[in-house]
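To start, the structure under review is shown below, and the notes come after it.
Position 1 is the first residue of the sequence, and the numbers go up from there.
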Amino acid sequence: MKGLTVRQRQVLLLAASGYTSEQAGRRLGIRRTTVDRHLGEAYRLLDARDRTHAVALAIYHGHITIADLTTIATAHTREHAA
């Protein structure tokens with residue numbers, strides 16, 4: 001399996017942490033449509049059906065870790081608490 005790009009990994013991490021494509025785009029400084037394009041390419045590379053499946057496969061194949069998710073989720077929680 002071909003590896004994910006840095007950006008594909010970033011958008012998967014944000015999606016896994018509950019960010020919408022719009023929110024992920026704002027956080028990364030890119031358009032929602034660009035986020036969706038990166039997600040779509042990640043789905044194709046991982047042979048995933050949807051966001052949840054893509055995240056599960058990315059974790060399974062070592063592209064993202066639980067520690068990565070914890071870091072993003074903590075930042076997301078802090079943003080919403082402020």
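Between Y43 and A54, the shortest heavy-atom contact is CD2-CB, 3.5 Å. Taking each heavy atom of R49 and H53 in turn, the nearest pair found is N-ND1, 3.0 Å.
Note: L14 CG to I72 CD1 = 5.0 Å, rounded to the nearest 0.5 Å. Of the inter-residue distances, the one linking R51 atom CZ with S21 atom OG reads 4.0 Å to the nearest 0.5 angstrom. The CZ atom of R37 lies 11.5 Å from the CZ atom of R31; values are rounded to the nearest 0.5 Å. A distance of 8.0 Å separates OG1 of T5 from CG of L45, quoted to the nearest 0.5 Å. A distance of 8.5 Å separates CZ of R44 from CD of Q8, quoted to the nearest 0.5 Å. The NE2 atom of H38 lies 9.5 Å from the OG1 atom of T33; values are rounded to the nearest 0.5 Å.
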Audit row: D68, T65, side chain to side chain donor-acceptor pair (under 3.5 Å) steps and yes/no: CA-CA 5 Å; D68 295 329; T65 67; 3.2 Å; yes

side-chain contact (heavy atoms from CB on, under 4.5 Å) between L28 and R7, worked out: CA-CA 9 Å; L28 297 171; R7 192 60 98 185; 3.5 Å; yes

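Hydrophobic clustering keeps V6 apart from L69 (ILVMFWY residues linked when any side-chain heavy atoms are closer than 4.5 Å, directly or through intermediates). A continuous path of ILVMFWY side-chain contacts below 4.5 Å connects I66 to L46, so both sit in one hydrophobic cluster.
One N or O on the side chain of R9 and one on the backbone of H63 form a donor-acceptor pair closer than 3.5 Å.
Here salt bridge (charged side-chain N to carboxylate O under 4.0 Å, His left out) pairs that include residues 12-24, with residues two or more places apart or in two chains, are E22-R26.
A 6.0 Å sphere centred on CG of D47 holds no more than 12 heavy atoms belonging to other residues, nucleotides or ligands.
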